[in-house]
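What follows is a set of notes on a single structure, which appears directly below.
Order of listing sets the numbers, starting from 1, for every ligand and every atom in it. Index from 1, following the sequence. Computed from heavy atoms alone, side chains included, the values below leave out hydrogens, waters and symmetry copies.
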Amino acid sequence: MSNNIEGKVVVITGASSGLGEAAARHLAEQGATVVLGARRADRINELAVQINAAGGKALALQTDVTDPAQVQALVDAAVAQFGRIDVMLNNAGLMPHSPLDRREIDDWNREIDVNIKGVLYGIAAALPYMERQKSGHIINTSSVAGHKVGVNNAVYSATKHAVRVISEGLRQEVKPYGLRTTIISPGAVATELVESITEPDVKAGIQSFYDENAISPDSFARCVAFAISQPEDVDINEILFRPTSQAL
Ligand SMILES: NC(=O)c1ccc[n+]([C@@H]2O[C@H](COP(=O)([O-])OP(=O)(O)OC[C@H]3O[C@@H](n4cnc5c(N)ncnc54)[C@H](OP(=O)(O)O)[C@@H]3O)[C@@H](O)[C@H]2O)c1
């Protein structure tokens, strides 16, 4: 019986570490062809080598999601090499938490550029192909912070709320083309994300919370696989998950 993952061409942004890397490995094991984008070319090239050596199919292309031309080039490369794009996983992101009165305007701009505009550029690149194919699946990584706002995370939370709003608008618009859309909103997962926090005191607080609570990135990979593996007439629109120990 088909798992509805095997043979699919899946483009993943933010594939060089954490959730994107885990999703790439898991989907490749299930027979997907994975196309990996991130800025750290050495990381995604090595990941592609490992996946291909294990009998999977992977292609890596250095991509900065703040540049729409680079995101387009990533998707175009997937289609040129493998003939189609079945899933676009817009996952690249960063989380430079800080109180607003510290006026970390560069951090605000970076997270808006990556977390919101990067997702929009991924949609812009994949959508024309998927509409022509009359099939496809766009998965966007939001967060628990896309549901709740707290101290120090106003801007990050705003970006992740934006991802959910954009995804819901997209969901409604792509009905005529038979496309599927999924928002995945994780709680604390052990990745390199905390490294993107530039304020040392804020970072220390989040790090200790993650040290106590964060779960394996495989949790995210399984959610992605679950959404993709459903029969084509089943559209999993949102998955919100947390470590069992996470209260907020
Ligand atoms: N871990 C969690 O607890 C958690 C919870 C909720 C939501 N999330 C979300 O999950 C997503 C993945 O984060 P993660 O936890 O896996 O953290 P991570 O290990 O730091 O991974 C972040 C990924 O985003 C990529 N990235 C950052 N800026 C980029 C840019 N300009 N262009 C292309 N790629 C870029 C990084 O690659 P390069 O640096 O190589 O470019 C890296 O592959 C993010 O959207 C994050 O907000 C994570």
Side-chain angles (χ1 to χ4, degrees), residues 11-26 34-48 60-75 89-97 106-107 109-122 125 139-148 150 153 155-164 166-167 183-198 203 206-207 209-221 223-224 238-243 245-246 248:
V11 177
I12 303 173
T13 67
S16 59
S17 65
L19 305 187
E21 178 185 346
R25 290 187 191 280
H26 188 62
V34 291
V35 179
L36 316 170
R39 292 166 306 171
R40 287 173 291 179
D42 53 338
R43 292 268 200 116
I44 50 174
N45 287 336
E46 174 57 25
L47 179 57
L61 189 70
Q62 185 174 36
T63 308
D64 184 333
V65 299
T66 66
D67 178 354
Q70 291 188 36
V71 183
Q72 188 67 59
L74 176 70
V75 170
L89 173 51
N90 291 305
N91 166 75
L94 37 95
M95 185 184 77
H97 286 357
D106 287 346
D107 279 353
N109 283 330
R110 280 193 309 128
E111 56 192 326
I112 290 166
D113 286 347
V114 175
N115 298 4
I116 303 178
K117 292 186 186 172
V119 169
L120 285 169
Y121 299 154
I139 304 176
N140 297 327
T141 306
S142 179
S143 172
V144 166
H147 294 257
K148 295 170 78 106
N153 82 346
V155 180
Y156 180 72
S157 180
T159 67
K160 293 302 184 178
H161 276 76
V163 169
R164 292 186 57 238
I166 291 162
S167 302
I183 303 158
I184 303 187
S185 295
V189 182
T191 67
E192 297 173 20
L193 194 66
V194 177
E195 294 304 315
S196 67
I197 304 176
T198 55
K203 184 177 180 176
I206 303 274
Q207 187 64 62
F209 177 77
Y210 270 65
D211 288 346
E212 284 205 355
N213 294 288
I215 52 177
S216 162
D218 292 344
S219 56
F220 175 82
C223 290
V224 174
E238 181 149 19
I239 299 173
L240 169 60
F241 73 97
R242 295 174 170 85
S245 63
Q246 182 175 338
L248 54 137

- Quick one: which ligand 1 atoms are inside 4.0 Å of a heavy atom on T63? 32 (N), 33 (C)
- Item | ligand 1 atoms in contact with A188 (distance to a heavy atom under 4.0 Å) | 3 (O)
- Item | Polar atom proximity, A38 to ligand 1 (N or O, under 3.5 Å) | no
- Query: Can you name the ring pair (Phe, Tyr, Trp, His ring centres under 6.0 Å) partners of F220, sequence neighbours left out?
  - Reply: none
- Note on the structure: of all protein heavy atoms, closest to atom 10 (O) of ligand 1 is L19 CD1, 3.2 Å
- Message: Under 4.0 Å, heavy-atom basis, I'd like to know which part of A92 is in contact with ligand 1: side chain, backbone, both or neither.
- Response: both
- Query: Backbone N or O of K148 within a donor-acceptor pair of the S157 side chain at under 3.5 Å?
  - Reply: yes
- Query: Backbone, side chain, both or neither: what part of A145 comes under 4.0 angstrom of ligand 1, heavy atoms only?
  - Reply: neither
- Any non-hydrogen atom of F220 lying under 4.0 Å from ligand 1? no
- Judging by distance only, is a nitrogen or oxygen of S17 under 3.5 angstrom from one on ligand 1? yes
- Considering only heavy atoms of P186, which atoms of ligand 1 have at least one such atom less than 4.0 Å away? 5 (C), 6 (C), 7 (C)
- Query: With atoms numbered from 1 as shown, which atoms in ligand 1 lie under 4.0 angstrom from a non-hydrogen atom of Y210?
  - Reply: 2 (C), 3 (O)
- Query: Does ligand 1 have an atom under 4.0 Å from some heavy atom of A214?
  - Reply: no
- Task: Return yes when T141 approaches ligand 1 closer than 4.0 angstrom through a heavy atom, no otherwise.
- Result: yes
- Message: Any atom of ligand 1 sitting under 4.0 Å from a heavy atom of Q70?
- Response: no
- Message: Within the structure provided, determine whether P186 and L19 are in side-chain contact (heavy-atom separation under 4.5 Å).
- Response: yes
- atom 8 (N) of ligand 1 sits nearest the protein heavy atom Y156 OH, 3.8 Å
- Task: Decide yes or no for S167 and N140: does some side-chain heavy atom of the first lie under 4.5 Å from some side-chain heavy atom of the second?
- Result: yes
- Examine N91 against ligand 1 and note whether any of their N/O atoms are separated by less than 3.5 Å. yes
- Message: Among L248, N213, V144, I215, exactly one meets side-chain contact (heavy atoms from CB on, under 4.5 Å) together with R242. Which residue is that?
- Response: V144
- Task: List the closest protein heavy-atom neighbour of atom 14 (P) of ligand 1: residue, atom name, distance to the nearest 0.1 Å.
- Result: T191 OG1, 3.4 Å
- For K160 and ligand 1, does the shortest N/O to N/O distance drop below 3.5 Å? yes
- Message: If you define the side chain from C-beta out and look only at heavy atoms, does anything of T66 sit under 4.5 Å from V114?
- Response: yes
- Message: Tell me whether ligand 1 is touched by S196 - counting only heavy atoms on the residue side and a distance under 4.0 Å.
- Response: no
- Task: Quick one: look up the protein heavy atom nearest atom 48 (C) of ligand 1 and list residue, atom name and how far away it is.
- Result: L193 CD2, 3.4 Å
- Query: Considering distance alone, does some N or O of G187 sit under 3.5 Å from an N or O of ligand 1?
  - Reply: yes
- Query: When you measure from the side chain of S143 to the backbone N and O of K160, does any donor-acceptor pair fall under 3.5 Å?
  - Reply: no
- Query: Would you say the side chain of L240 lies within less than 4.5 Å of the side chain of H147, judging by non-hydrogen atoms?
  - Reply: yes
- Message: Any nitrogen or oxygen of V189 lying under 3.5 Å from a nitrogen or oxygen in ligand 1? Just yes or no.
- Response: yes
- Task: Let me know which of N115, N90, N91 forms a side-chain hydrogen bond (donor to acceptor under 3.5 Å, both in side chains) with T141.
- Result: N91
- Nearest protein heavy-atom contact for atom 25 (C) of ligand 1: which residue, which atom, what distance? G14 CA, 3.6 Å
- Taking distance alone, with no angle check, do V65 and ligand 1 share an N/O pair under 3.5 Å? yes
- Against heavy atoms of S16, which atoms of ligand 1 measure under 4.0 Å? 36 (C), 37 (O), 38 (P), 40 (O), 42 (C), 43 (O)
- Item | Close-contact set for ligand 1 against S143 heavy atoms, below 4.0 Å | 6 (C), 7 (C)
- Would you call E192-R43 a salt bridge at under 4.0 Å N-O? yes
- Identify the protein heavy atom lying closest to atom 22 (C) of ligand 1, giving its residue, its atom name and the separation to 0.1 Å. G93 O, 3.6 Å
- Item | T63 side-chain N/O to L61 backbone N/O, donor-acceptor pair under 3.5 Å | yes
- Write out all pairs satisfying salt bridge (charged side-chain N to carboxylate O under 4.0 Å, His left out) with one or both partners inside residues 13-23, taking only residues at least two apart or from two chains. E21-R25
- Which of the numbered atoms in ligand 1 are below 4.0 angstrom from a heavy atom of A15? 43 (O)
- In ligand 1, the atoms that come under 4.0 Å of a heavy atom of V114 are 28 (N), 31 (N)
- Is there a donor-acceptor contact under 3.5 Å from the side chain of S196 to the main chain of M95? yes
- Do R110 and D107 sit within salt-bridge range, that is, some charged N less than 4.0 Å from a carboxylate O? yes
- Item | Side chain T191, main chain L193, donor-acceptor under 3.5 Å | yes
- Task: Considering heavy atoms of the protein only, find what lies nearest to atom 29 (C) of ligand 1 and give residue, atom and distance to 0.1 Å.
- Result: R39 NE, 3.5 Å
- With a 4.5 Å limit on heavy-atom distance, are the side chains of P68 and V71 in contact? no
